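What follows is a short report on a single structure.
Chain letters run A, B, ... following the sequence lines, proteins first and then strands; every chain starts at 1. Since the structure is predicted, the reported quantities are computational estimates derived from the model, not experimental observations.
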2 protein chains.
Amino acid sequence: MNDSKFNLDGRIWIETAGEKILGHGRVELLERIKESGSIRQAALQMKMSYKQAWDLINHMNTHFTSPVVISHRGGKGGGNAVVTDYGLKVISQFHSFQVKLKAFLAENSSEINL
Amino acid sequence: MNDSKFNLDGRIWIETAGEKILGHGRVELLERIKESGSIRQAALQMKMSYKQAWDLINHMNTHFTSPVVISHRGGKGGGNAVVTDYGLKVISQFHSFQVKLKAFLAENSSEINL
DNA sequence: TTGCGTTATATAAATTTTAATATATCGCTT
DNA sequence: AAGCGATATATTAAAATTTATATAACGCAA
């Protein structure tokens, strides 16, 4: 254990061909789309522009093996967006890595001696 | 083992009071100052401006328990900069965390199934 | 068939970051 | 004491990023 005023923090992400394809923020975006059924609402909740959210989703959809979000325009409510089963799998795997990272950081934080 | 086209990557850093104080880039900067004895040369090698390098060093010097770099102006060669013993300790501890992170990422990369 | 709310996309404006430039200080060297 | 090369610091310019705005497409509902 350790009462140092310093602590270790970190981030992980998934890459393909050296390019970041999924991190922290994108996962939260997917989760909010899953809850709200709307790209717009998810973007508002996260205080990002619709464009920014759309770009992130488009990037994921074109780089993962299958799309993570399917969207429709027009119709009841004006349109909607749905996280695919594949998208749910992506979220779930990222979460399990996050849990492990958290443990890693806690362990090592206590090793800091500066 | 895993031949997925996806891989896990990540970064770690040391914080104090929620503020990032040491990461990847700063460690490299310290190492290059240690080698060259010059902030300017270290900055040139890393293709950053002198100001940027100086700001980073100043931030570390004022946030760590002790300074990590001592610099002198004037004199032989125009001036110089030296990494302190404390600075060397900082580098060394960060490296040991980096090694562990690398192992963590390799282990978990092979778990990706997308 | 008009209106509504959302997706989709482009363009322009604003902001923030980053980089470049300039100037002063310092102490050894010649 | 004048010059050199590096540190130190402020100011300006440029670049990159972010945000805002505008427009069109879409399909259901009233």
Between the protein and nucleotides 13-22 of chain C, are there any N/O to N/O pairs under 3.5 Å, and if so, what are the atom names and distances?
unit_1	atom_1	unit_2	atom_2	d
C:dA19	OP2	B:Gln52	OE1	2.7

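With sequence neighbours left out, A:His24 forms a side chain to side chain donor-acceptor pair (under 3.5 Å) with no residue at all. Residues meeting the ring-ring contact (aromatic ring centres under 6.0 Å, His included) test with A:Phe6, sequence neighbours left out: B:Phe64. Remark: A:Glu15 engages A:Trp13 in a side chain to side chain donor-acceptor pair (under 3.5 Å) (not counting sequence neighbours). With sequence neighbours left out, B:Glu28 forms a side chain to side chain donor-acceptor pair (under 3.5 Å) with B:Arg32. B:Ser4 is linked by a side chain to side chain donor-acceptor pair (under 3.5 Å) to nothing, counting only residues two or more places apart in sequence or in another chain. For B:Asp55, the salt bridge (Lys or Arg N to Asp or Glu O under 4.0 Å) partners two or more places apart in sequence, or in a different chain, are B:Lys51. Not a single salt bridge (Lys or Arg N to Asp or Glu O under 4.0 Å) links B:Lys100 to another residue, sequence neighbours left out.
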ask   = If you write DNA chain C from 5' to 3' in dot-bracket form, with Watson-Crick or G-U pairs under 3.5 Å, [ ] for crossing pairs and | for pairs with another strand, what do you get?
value = ||||||||||||||||||||||||||||||

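Within 4.0 Å of B:Gly74, counting heavy atoms only, lies at least one base atom of the nucleic acid.
We find that CG of A:Leu56 is positioned 16 Å from C1' of C:dT7, with the value rounded to whole Å. Remark: P of D:dC28 and CG of A:Asn80 are 11 Å apart, rounded to the nearest angstrom. At whole-Å resolution of the value, NZ in A:Lys76 and P in C:dT7 are 15 Å apart. Atom CD1 of B:Ile39 is separated from atom P of D:dA6 by 12 Å (rounded to the nearest Å). Rounded to whole angstrom, the span from the CD1 atom of B:Ile33 across to the P atom of D:dT7 amounts to 8 Å. Protein atom CH2 of B:Trp54 is 15 Å distant from nucleotide atom C1' of D:dT11, rounded to whole Å. Separating the CG atom of A:Asp55 from the C1' atom of C:dT11 is a distance of 14 Å, rounded to the nearest angstrom.
Of all heavy-atom pairs between B:Ile12 and B:Gln98, the closest is CG1-OE1, 3.4 Å. Residues B:Lys5 and A:His63 approach most closely at NZ-O, 4.0 Å, considering heavy atoms. Annotation for A:Met60 and A:Ile21: closest pair CG-O, 3.6 Å, computed over non-hydrogen atoms. Here the closest non-hydrogen pair linking A:Gly25 and A:Met46 is O-CE, 3.7 Å.
A residue-by-residue look at A:Gly78 and B:Gly78 shows that A:Gly78 has its nearest nucleotide of DNA chain C further toward the 5' end.
The CZ atom of A:Arg26 lies 6.0 Å from the NE2 atom of A:His59; values are rounded to the nearest 0.5 Å. Note that CG of B:Leu30 and CD1 of B:Ile57 are 7.0 Å apart. Values are rounded to the nearest 0.5 Å.
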Pair up each side-chain donor or acceptor in residues 65-78 of chain A with any protein partner under 3.5 Å, not counting sequence neighbours, and list the distances.
unit_1	atom_1	unit_2	atom_2	d
A:Thr65	OG1	A:Tyr86	OH	3.4

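Within a heavy-atom distance below 4.0 Å of DNA chain D, no residue of residues 11-30 of chain B is found. Taken residue by residue, residues 57-73 of chain A places heavy atoms nearer than 4.0 Å to DNA chain D at A:Arg73.
Looking at the side chain of A:Tyr50, the nearest of the listed nucleotides D:dT7, C:dT6, C:dT9 is C:dT9.
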